[in-house]
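Structure record follows, encoded as structure tokens.
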There are 2 protein chains.
Amino acid sequence: MLNYQQQPLDLMFQALADPTRRGLISRLSRGPASVSELAEPFDMSLPAVVQHLQVLETSGLVTSEKVGRVRTCRLEPKALMTAEDWISSQRASWEARLDRLGEYLMELQAGEKKRGRKK
Amino acid sequence: MLNYQQQPLDLMFQALADPTRRGLISRLSRGPASVSELAEPFDMSLPAVVQHLQVLETSGLVTSEKVGRVRTCRLEPKALMTAEDWISSQRASWEARLDRLGEYLMELQAGEKKRGRKK
DNA sequence: CTGTTACTTAAGCTGATGCTTAACTATCAA
DNA sequence: TTGATAGTTAAGCATCAGCTTAAGTAACAG
């Protein structure tokens with residue numbers, strides 16, 4: 001498990017780790033928005049919000065396009081799925097393992113009862 | 001947004017953002033392990049690995065229990081689900097929105113054809 | 001052309017993160 | 001009791017993340 005890094009996942013989870021950025025994603029999940037629309041609810045400077053947007057864009061979770069002087073940002077659902085899939089697969093294999101353990105314990109228990117295989 | 005709150009999601013995504021920690025989770029998804037078992041594949045000092053484990057434990061993704069001099073760590077699948085659910089819900093609402101947009105565009109297109117409502 | 005809007009760029013500060021080494025404690029085995 | 005094993009604690013350090021303010025550019029409105 002040498003650090004031959006899964007950089008996309010690093011960037012995505014890092015991006016998701018900040019509440020401001022999750023707020024931006026929540027907003028964007030309701031539809032595209034301009035930079036100043038996105039910044040408005042937050043109690044921080046505009047450059048700070050733009051920096052958060054850059055993190056989101058570098059991670060691939062958000063894309064943007066500038067028309068005239070307005071930059072419009074939107075969510076990239078496929079990227080979100082990458083993060084979701086990783087988590088899901090880890091959880092699935094752990095839960096599968098728990099299930100197998102459960103079965104094993106049940107077998108043990110059944111075995112202890114020796115003749116308890118009726119009904 | 002002055003980090004005045006280390007919410008569960010902050011801690012979880014932050015924990016998942018590091019490749020070493022995701023490596024630890026992958027290992028743990030195959031079953032519980034001791035600290036030194038977990039540290040063995042990594043090219044870093046034991047205290048460094050222990051620090052990563054502490055991050056995972058603080059985030060709730062991993063629990064551990066010490067018996068004798070051995071600390072055994074295991075995954076907490078419910079916590080992983082918390083992170084997964086957040087992502088999933090954001091993605092779902094964005095995809096729903098894309099679907100509605102799709103329908104809207106289809107209606108527009110149908111409308112343009114005027115009498116194209118036959119068959 | 002002039003002012004306003006909508007960002008963009010740059011520099012700098014502060015605290016958090018990811019390591020390190022060294023020294024320490026507690027358990028187990030002989 | 002002695003020594004090895006398994007992990008813990010502490011201090012220090014370099015880099016990075018998240019903000020700030022100040023100043024700059026580029027489009028559009030009158």
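All values reported here derive from a predicted model rather than from experimental measurement. Residue numbering restarts at 1 for every chain, and letters A, B, ... go by the order of the sequence lines.
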_Can a donor-acceptor pair be found, under 3.5 Å and without considering hydrogens, that links the side chain of B/R91 to the backbone of A/L80?_
no

*Taking OP1 and OP2 of C/dC19, is either one under 4.0 Å from a side-chain nitrogen or oxygen of B/H52?*
yes

_At 4.0 Å (heavy atoms only), tell me whether B/S45 reaches a base, stays on the sugar-phosphate, or touches nothing._
base

*Check the distance between C/dC19's C1' and B/D18's CG and give it to me in whole angstrom.*
11 Å

*A/V62 side chain near A/L75 side chain, heavy-atom distance below 4.5 Å*: yes

*N or O in side chain of B/T20 less than 4.0 angstrom from C/dG18 OP1/OP2*: no

*asked:* Quick one: does any side-chain atom of B/R27 pair with a main-chain N or O of B/L38 as donor and acceptor, under 3.5 Å?
replied: no

*Take the protein atom CG of B/D43 and the nucleotide atom P of C/dG18, then report the distance between them rounded to whole Å.*
17 Å

*A/R21 side chain to A/L16 main-chain N or O, any donor-acceptor pair under 3.5 Å?*
no

Check nucleotides 26-30 of chain C for protein N or O atoms closer than 3.5 Å to its own N or O atoms and list the pairs.
residue: C/dT27; atom: O2; partner: B/R69; partner atom: NH1; Å: 3.0

*Looking only at side-chain atoms of A/R21, point me to the closest of D/dG18, D/dA6, D/dT20.*
D/dG18

*Answer with yes or no whether the side chains of A/T63 and A/E57 bring together a donor and an acceptor at under 3.5 Å.*
no

*asked:* Rounded to whole Å, please give me the gap between CG in B/L53 and P in C/dC19.
replied: 12 Å

*Euclidean distance, atom CD of residue B/E37 to atom C1' of D/dT5 [Å, nearest integer]*: 14 Å

*Close side-chain approach of B/D18 and B/V55, heavy atoms under 4.5 Å*: no

*Rounded distance in Å - CG (B/D10) to P (D/dA17)*: 16 Å

*Helical bend (five base pairs per end, nearest 10°) for the helix from C/dC1-D/dG30 to C/dA30-D/dT1*: 20°

*Where does the angle between the aromatic ring planes of A/F13 and B/F13 fall among parallel (under 30°), tilted (30 to 60°) and perpendicular (over 60°)?*
parallel

*Can you give one letter per nucleotide of nucleotides 8-16 of chain D, 5' to 3': B if a protein heavy atom sits under 4.0 Å from the base, S if only from the sugar-phosphate, - if neither?*
BB-------

*Nearest-Å distance, CE (A/M44) to C1' (C/dC7)?*
17 Å

*asked:* Keeping A/S88 on the side-chain end and A/E84 on the backbone end, is there a donor-acceptor pair under 3.5 Å?
replied: no

*asked:* Closer than 4.0 angstrom, basic N to acidic O: yes or no for B/E65 and B/R71?
replied: no

*Check the pair A/S34, A/T72 against side-chain hydrogen bond (donor to acceptor under 3.5 Å, both in side chains), reporting the backbone distance first and the verdict last.*
CA-CA 4 Å; A/S34 73; A/T72 301; over 6 Å; no

*Can a side chain N or O of A/S34 be found less than 4.0 Å away from OP1 or OP2 on C/dA6?*
no

*Check for a donor-acceptor pair, side chain of B/Q90 on one end and backbone N or O of B/I87 on the other, with a separation under 3.5 Å.*
no

